[in-house]
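Everything below concerns the one structure shown next.
All values below were derived from every heavy atom in this structure, side-chain atoms included, with hydrogens, water molecules and symmetry-related copies excluded.
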Amino acid sequence: MRFRFVGACGGSVTGSCTHFSYNRTNIQFLVDCGLIQGEGDESIVNSKPFPFRPSEIEFILLTHAHLDHCGLIPRLYKEGFTGKVICTTATARMAKISLTDSAKHLKDIYSENDVKKIRFECIDQRKEFGLSRLLPIHTDLFASFSRTAHILGSATITVSWINDADEKASVVMSGDLGNNTKENPYQPLLASRQGVFGYPDAIVVESTYGAGVRDSECSDYDARLSALHKVIQDEVFNKKSLLIIPAFSIQRTQELLVDIYCVFNQFYSTNDSIQSPIHIINQFYDEFESGCWGFIVQKSLKNAIDKLPINEQEKWLKSIKQIDEVNKAESKSNFSLSENAEISIADIKKLITSTTNSYPIDIKLDSGLAREMSTVYHEELCRPQIKKPEETLYRNRKMASRLGVEDGVQVDEFIKSIFPNNSTTDIEIPLGEHKIQYVTTPKTPRVAELQERGGILITGGGMCNGGPVVSHIEKVIDAKRNSTILLTGYMAKNSVGEKLMKHSQATPKEIEASTESWVLGSKEVLQKNITTNIIQLQGFYSGHADQSGLLDFIFEIVGEQKQETQTKPSAVFINHGQPKARAELKDAIEARLNSGNEGDRNPNEIYLPDSRQQWYDFNSKKWIAPVPNTRTEDLLQDLLSEQLKTNVLLQRLVDQLASNKYANNNIKKK
Ligand SMILES: [Zn+2]
């Protein structure tokens, strides 16, 4: 057996693809076949010829549904691949949704029709399936799937084969590793990631966050929930702001919905629990100081008075008068104390701060793609294990206690209601007096709709470059209204999300002096005119294990006895990380090796594979120098590469001409 790294190597993070060649049965297969993202013109970088013939690939093992792992599979079918894609049911379903959506943006590379050609084999539906259990995939070839807690359905895939000495050999392909562990499953939805069994010949490990160790606070369930509670209390209840949360459609949206549910369930769902005192830290509160106030404050004050015993209400109502038209121009307000008022401004303030005034908050989700993904969570987060039907395959065991329900049956019910199985109609899920609304048309709530309360809008377009979030940001970013953007995800370089992140870290002086202007959707905004408050909670929601998690994955031996006689060194290949992350993870592996931790696995070689696509041979445990191409082969390859690029550009030209013609025809008609 030999393998080579086709993508996500040489310091790049996206385009995961590993090419295997099995000499015993003379077959080739892939683990993942992902899209290259954020490295120039997406259509052009992704139309480079594959370094193999797609028709000669027997099958693909797919770790998870993110596009940087599955995004080029339709192109493989388009170019002659006819095999199966073997993965979990959740991965198959979400990959299909994702790829159908991406076909719209990558028209030059593949079509929706190519997506329809994909033949998935859902391994977790085989009768003999069990987590980490090796199952036959092909002659003398086996694979096991273990949980990684990265996204729903994501897996570490161990490939096992018979080597030239007729012994079993194996390599562990980590896929993307998440954060939940058995000891600390702090993220909301998924059960802990599983470790590596025994002594594989090699471990290929991702290194997205290989360079650092996260603050312990970020890995704490209560800390995350209280951070989110604070944002909701400050922004939504106190400032009555529209809280916009851009979120990725897979995993982040679902995690946020459950976290927000838990915050509301815990703090805002019953009448006697703590509700928001009206306007304490609100700009309107100051209006009382002047002795006159406007309609909004009056409405809140009236609400507070309505809650007093009937016999006291009259005294209050008589003490407040509406300012007449003549004096209104001067005071610019509508209400003040009347001449014979039996109460003072201090009394009003006291009433307002002491009255708990609850008001319903709308929590809206308007991302169509996230809704479609949620229909997969509806089923798959409840999927039982075939061999242990009393346990679910992916679900965090802590969910019941965190939701305050009794058992798994009630968690099932909760999941089925919060992740509806229908993505085409408007749905309302009551949450105490508040409600979660799945809406089908994205619409930014107007100020008038929110006057008496704040609102929460979870929306599509995690990095704020596309999706419904763009139109929301456009409307609020420099508007005279209270709005807040909460960032919870990874922001790629030069994305709008990254700009917002930097803005939130700038000092008021820097912002005042800024001459920078940003293009947001169809609008150009000066940085100093931004009125939106930007808050970051990224650390709490990261989907990737940090350095210490990666080290545990590499070194900790799960299962088998740890007797010395059995130990066998493993080669470690670090991929899927930027140069700094890979180098620092390598240093950290060496440091842990030198510390001689008892019971640790023993990595004897550590490689940072580059993009030259050399083969690594598992029999000789050596890299094989590539056979140099002949001049003719080089020329042919260059020609093919240029041809594919030309195809993309020609297709664009045809589309452009067609749309011009359409526009011209329309003008003529008018
Ligand atoms: Zn991923």
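Here the shortest heavy-atom pairing between S207 and L550 reads CA-CD1, 4.0 Å. Taking every heavy atom of both residues into account, K78 and K117 meet most closely at CA-NZ, 4.0 Å. Considering all non-hydrogen atoms of both residues, G460 and S367 come closest at N-CB, 3.5 Å. Residues N179 and S542 come closest through the heavy atom pair ND2-O, 2.8 Å. A pairwise comparison of heavy atoms in G71 and L99 identifies CA-CD2, 3.7 Å as the closest pair. Taking all atoms of both residues into account, the shortest heavy-atom contact from I27 to L141 is CD1-CD2, 4.3 Å.
Within the model, atoms OG1 of T14 and CG of L35 stand 7.5 Å from one another, a figure rounded to the nearest 0.5 Å. Considering CD1 of I44 and CD of E39, their distance stands at 14.0 Å, rounded to 0.5 Å. Atom CG in L640 sits 13.0 Å away from atom CD in E633 (nearest 0.5 Å). Atom OG1 of T88 and atom CG of L62 lie 8.0 Å apart (nearest 0.5 Å). The OG atom of S12 sits 8.0 Å away from the CZ atom of R582 when rounded to the nearest 0.5 Å. Between L106 atom CG and N46 atom CG the span is 7.0 Å, to the nearest 0.5 Å.
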Report task. In sequence, state the C-alpha distance, the side-chain angles, and the governing distance for T18 and V204, and then conclude on side chain to side chain contact (heavy atoms under 4.5 Å, CB included). Result -> CA-CA 10 Å; T18 314; V204 176; 5.6 Å; no
Report task. I would like to know whether R93 and F120 meet side chain to side chain contact (heavy atoms under 4.5 Å, CB included); could you show each step before the answer? Result -> CA-CA 9 Å; R93 290 184 60 188; F120 286 107; over 6 Å; no
Query raised in the report: Under the side chain to side chain donor-acceptor pair (under 3.5 Å) criterion, do D114 and S111 qualify, and how do the steps go?
Result: CA-CA 5 Å; D114 298 316; S111 66; 3.3 Å; yes
Report task. Show the numbers, then the answer: is there a salt bridge (charged side-chain N to carboxylate O under 4.0 Å, His left out) between D655 and K107? Result -> CA-CA 10 Å; D655 291 347; K107 277 200 237 84; 5.0 Å; no
**Report entry** Test log, rule ring-ring contact (aromatic ring centres under 6.0 Å, His included), inputs W161 and F618
**Finding:** CA-CA 11 Å; W161 66 92; F618 285 95; 4.9 Å; yes
Query raised in the report: side chain to side chain donor-acceptor pair (under 3.5 Å) between N647 and Q643: does it pass, once the steps are laid out?
Result: CA-CA 6 Å; N647 288 352; Q643 184 61 49; 3.1 Å; yes
Report task. Let me see the working for L189 and M399 under side chain to side chain contact (heavy atoms under 4.5 Å, CB included), right down to the final yes or no. Result -> CA-CA 7 Å; L189 300 176; M399 271 189 96; 4.0 Å; yes
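When atom types are taken as modelled, the side chain of Q28 and the backbone of F20 share no donor-acceptor pair closer than 3.5 angstrom. A donor-acceptor pair is defined here as one N or O able to donate and one able to accept, closer than 3.5 Å; no such pair exists between the side chain of R397 and the backbone of A191. Although no hydrogens or angles enter the test, the distance criterion places a donor-acceptor pair under 3.5 Å between the side chain of T148 and the main chain of D176. Side-chain atoms of R252 come within 3.5 Å of backbone N or O of T488 as a donor-acceptor pair. Under the 3.5 Å distance criterion, the side-chain polar atoms of E206 are matched with a main-chain donor or acceptor of L177. Of the possible donor and acceptor atoms, none in the side chain of R601 sits under 3.5 Å from a partner among the backbone N and O of Y199. Side-chain atoms of S641 never come within 3.5 Å of backbone atoms of Q637 as a donor-acceptor pair (strictly under, hydrogens ignored). For the pair N180 (side chain) and Y186 (backbone), a donor-acceptor distance under 3.5 Å is present. Between the side chain of D140 and the main chain of I162, no donor-acceptor pair closer than 3.5 Å is present. Distance alone, capped at 3.5 Å, is enough to place a donor-acceptor pair between the Q547 side chain and the G210 backbone.
Neither side chain, D32 nor S16, offers a donor N or O lying under 3.5 Å from an acceptor on the other. If you check the side chains of T181 and N184, you find no donor sitting under 3.5 Å from an acceptor. With no hydrogens or angles considered, no side-chain donor-acceptor pair links S160 and S170 at under 3.5 Å. Judged by distance alone, the side chains of Y394 and S154 never bring a donor and an acceptor atom under 3.5 Å apart. Side-chain contact check for Q251 and Y377: at least one donor-acceptor pair (N or O, by modelled atom type) lies under 3.5 Å. Checked by atom type, the side-chain pair Q194/T156 shows no donor-acceptor distance below 3.5 Å.
A search for salt bridge (Lys or Arg N to Asp or Glu O under 4.0 Å) contacts involving E79 returns R75, not counting sequence neighbours.
Using a 4.5 Å heavy-atom threshold, the side chains of I606 and I574 count as touching. At a threshold of 4.5 Å between non-hydrogen side-chain atoms, the residues R24 and N163 do not count as touching. Looking at heavy atoms from C-beta onward, V196 lies out of side-chain contact with E556 at the 4.5 angstrom threshold. Looking at heavy atoms from C-beta onward, L585 lies in side-chain contact with V205 at the 4.5 angstrom threshold. Inter-residue side-chain proximity for F145 and F129 is flagged as met; some heavy-atom pair is nearer than 4.5 Å. The shortest side-chain heavy-atom distance between T208 and Y490 does not fall under the 4.5 Å cut-off. I415 places a side-chain heavy atom less than 4.5 Å from the side chain of R395. N422 places none of its side-chain heavy atoms less than 4.5 Å from the side chain of T375.
Taking a cutoff of 4.0 Å between a charged side-chain nitrogen and a carboxylate oxygen, R592 and D552 qualify as a salt bridge. With respect to D617 and R2, a salt bridge is recorded, a charged nitrogen being found less than 4.0 Å from a carboxylate O. Using a 4.0 Å cut-off between charged side-chain N and carboxylate O, D41 and K645 make no salt bridge.
Using cut-offs of 30° and 60° on the angle between ring planes, the pair H576 and H544 is tilted. A tilted orientation is assigned to the rings of H69 and H64, their planes being inclined by 30° to 60°. Note on ring orientation: taking the six-membered ring where Trp is involved, the planes of F573 and F5 are tilted (angle from 30° to 60°).
Put simply, the residue from L131, L135, L134 that forms a side chain to side chain contact (heavy atoms under 4.5 Å, CB included) with S144 is L134. Between V376 and the choices T89, L152, T91, the side chain to side chain contact (heavy atoms under 4.5 Å, CB included) rule is met once, by L152.
Both tests do not hold together for R193 against F553: distance to the six-membered ring centre under 6.0 Å, angle to the ring axis within 45°.
Under a cut-off of 6.0 angstrom, the local environment of NZ in K387 is crowded, with over 12 non-hydrogen atoms contributed by other residues, nucleotides or ligands. K622 NZ: 12 or fewer foreign heavy atoms inside a 6.0 Å radius. No more than 12 heavy atoms of other residues, nucleotides or ligands shown are found within 6.0 angstrom of CZ on R53.
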